[in-house]
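Nothing here was measured: the structure is a model prediction, and the numbers come from that model. The figures that follow rest on heavy atoms only: side chains count, while hydrogens, waters and symmetry mates do not.
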Protein chains: 2
Amino acid sequence: MDKYHHGNLKAALLKAAFQLVGKIGSEALTLRGVARRAGVSHNAPYRHFKSKEDLVAALATEAFRQLHQFLKDAMASTDPAGRLGAAARAYLRFGLANRARFHVMFHSAFDRASYPEYVAAYRDVLSLLSEMMHARGDLNPKEIAIGEELIWASVHGITELGIAQRLRYGKVEELEELVDVAVASLLRGLT
Amino acid sequence: MDKYHHGNLKAALLKAAFQLVGKIGSEALTLRGVARRAGVSHNAPYRHFKSKEDLVAALATEAFRQLHQFLKDAMASTDPAGRLGAAARAYLRFGLANRARFHVMFHSAFDRASYPEYVAAYRDVLSLLSEMMHARGDLNPKEIAIGEELIWASVHGITELGIAQRLRYGKVEELEELVDVAVASLLRGLT
DNA sequence: ACCTGAACACCGTTCAAGT
DNA sequence: ACCTGAACACCGTTCAAGT
């Protein structure tokens with residue numbers, strides 16, 4: 001109720017930013033717009049973020065944490081054999097359901113090296129893939145290393161092009177089928 | 001020499017925009033900056049482009065035409081059997097050599113439906129892939145349709161992540177190897 | 001500590017005016 | 001036709017001031 005000492009402005013700003021980005025797209029996001037939506041003056045955000053870049057980095061970091069949780073949930077509800085496929089489809093669905101957010105995660109212009117928490121959140125997502133590849137037990141280290149890159153890039157590519165509505169097989173079920181075929185073919189191709 | 005009646009301002013603006021985008025990145029591109037670089041007043045561009053979006057669309061269209069030519073050249077200097085692989089590696093190399101341009105081609109915010117020449121230039125690039133898939137003669141229509149999407153998405157994904165320096169196998173030769181393995185595995189997986 | 005209003009240098013876009 | 005300068009409503013950022 002104490003309007004002046006907001007207490008939770010940082011969280012409120014991030015929430016407002018997520019809403020705005022979903023509404024107007026990542027390119028149109030402005031710091032002043034975020035402040036407006038959070039009901040504070042246009043430079044109140046500077047108490048919590050030292051620049052617009054800083055806010056965007058926090059947004060991308062938080063989004064990677066959400067993706068991490070989403071993938072873990074999808075993996076937990078599947079037996080080990082189907083886990084990789086389930087995670088890949090979950091990656092796709094997360095992107096399709098959060099288009100602008102996905103854009104912020106991968107295409108915002110901030111300098112990644114300056115944001116170690118971003119790098120950590122990002123690494124956590126990729127670690128899930130690495131764990132699954134190791135858990136299979138049928139691949140040697142070199143195959144695992146190449147397989148991770150190939151599978152990630154393919155699923156990511158399908159997600160990017162699906163989000164941009166650039167694929168003829170553009171419905172969610174069709175895109176999931178593409179993901180399944182890609183993962184299966186690439187795994188077979190490794191050995 | 002006639003400085004006033006420029007005659008070729010549209011081409012000069014596009015050239016300046018390409019240079020600028022390569023220098024400062026696609027996100028930082030401004031219409032006023034382009035005009036400045038072309039040596040004209042900040043609203044001279046409005047004689048040739050009705051908005052910034054319009055200029056960006058023209059930029060993306062021209063970039064797709066360049067990619068089309070680049071792919072055709074790569075294909076022409078390879079025998080039919082290796083053509084698909086050569087084109088895929090060329091796609092990758094084009095992206096790596098023109099990072100900001102690639103970003104404009106795929107991630108600018110203009111409304112594609114309003115720019116038919118963009119759609120045409122884009123389709124021309126994808127037609128090359130379609131032709132190559134048909135020319136193989138070992139695939140049925142459904143396999144071709146799915147194969148096109150899979151191969152394009154995978155090569156595109158490797159290119160996107162390679163450009164963003166997000167892959168451990170990040171050197172050009174390593175990325176080309178990933179492209180080769182992806183294309184071969186996906187083709188084998190189709191049948 | 002947290003927030004505000006005024007100010008600065010930018011930006012996209014429009015308009016009236018110049019050749 | 002093609003180009004310019006002034007103007008408007010924005011933006012990110014800084015600063016001095018308020019509680």
Round to the nearest Å and state the distance from A:Asn43 atom CG to D:dA17 atom P. 15 Å
Read 5' to 3' with Watson-Crick or G-U pairs under 3.5 Å, [ ] for crossing pairs and | for partners on another strand, DNA chain D gives ||.|||||...|||||.||
Minimum side-chain heavy-atom gap B:Met132-B:Arg136 below 4.5 Å: no
Taking for each residue the nucleotide of DNA chain D bearing the nearest heavy atom, is the 5' side occupied by B:Ala44 or by A:Leu31? B:Ala44
Can a side chain N or O of A:Tyr46 be found less than 4.0 Å away from OP1 or OP2 on D:dT14? no
Atom pairs and distances, donor-acceptor, side-chain atoms in residues 14-31 of chain B, under 3.5 Å, two or more places apart:
residue	atom	partner	partner atom	Å
B:Gln19	OE1	B:Arg37	NH1	2.7
B:Ser26	OG	B:His103	ND1	2.8
B:Thr30	OG1	B:Gly33	N	2.9

When the distance from CG of B:Asn8 to P of D:dC3 is rounded to whole Å, what number comes out? 11 Å
Check whether any side-chain heavy atom of A:Leu150 lies under 4.5 Å from a side-chain heavy atom of B:Ile158, and answer yes or no. yes
Regarding B:Asp54 and B:Ser51, do their side chains bring together a donor and an acceptor under 3.5 Å, going by distance alone? no
Report each atom pair, protein N/O against N/O of nucleotides 7-10 of chain C, whose distance is under 3.5 angstrom.
none

Do B:Asp124 and B:Ser127 have side-chain N/O donor and acceptor atoms under 3.5 Å apart? no
Salt-bridged, B:Arg168 to B:Glu174, with N to O below 4.0 Å? no
Is the shortest side-chain heavy-atom distance between B:Met133 and B:Leu190 below 4.5 Å? yes
Can you tell whether the side chains of A:Arg166 and A:Glu160 come within less than 4.0 Å, N to carboxylate O? no
Can you confirm whether B:Lys72 sits close enough to B:Leu128 that some side-chain heavy atom of one is under 4.5 Å from a side-chain heavy atom of the other? yes
Listed pairs under 3.5 Å, donor-acceptor, residues 58-70 of chain B side chains, sequence neighbours left out:
residue	atom	partner	partner atom	Å
B:Thr61	OG1	B:Ala57	O	2.7
B:Gln66	OE1	B:Arg101	NH1	2.7
B:Gln69	NE2	B:Asp73	OD1	3.1

Tell me the interatomic distance from B:Arg47, atom CZ, to C:dA17, atom C1', rounded to whole angstroms. 12 Å
So if I take residues 50-60 of chain B and measure heavy-atom distances to DNA chain C, which residues fall below 4.0 Å? B:Ser51, B:Lys52
To the nearest angstrom, how far is B:Glu27 atom CD from C:dC11 atom P? 16 Å
CG of B:Leu9 versus P of D:dT4: gap in Å, rounded? 9 Å
N/O donor-acceptor pairs under 3.5 Å from side chains in residues 83-94 of chain B, not counting sequence neighbours:
residue	atom	partner	partner atom	Å
B:Arg83	NE	B:Met75	O	3.2
B:Arg83	NE	B:Thr78	O	3.2
B:Arg83	NH2	B:Thr78	O	2.9
B:Arg89	NH1	B:Asp180	OD1	2.6
B:Arg89	NH1	B:Asp180	OD2	3.4
B:Tyr91	OH	B:Trp152	NE1	3.1
B:Tyr91	OH	B:His156	ND1	2.8
B:Arg93	NH1	B:Glu176	OE2	2.9

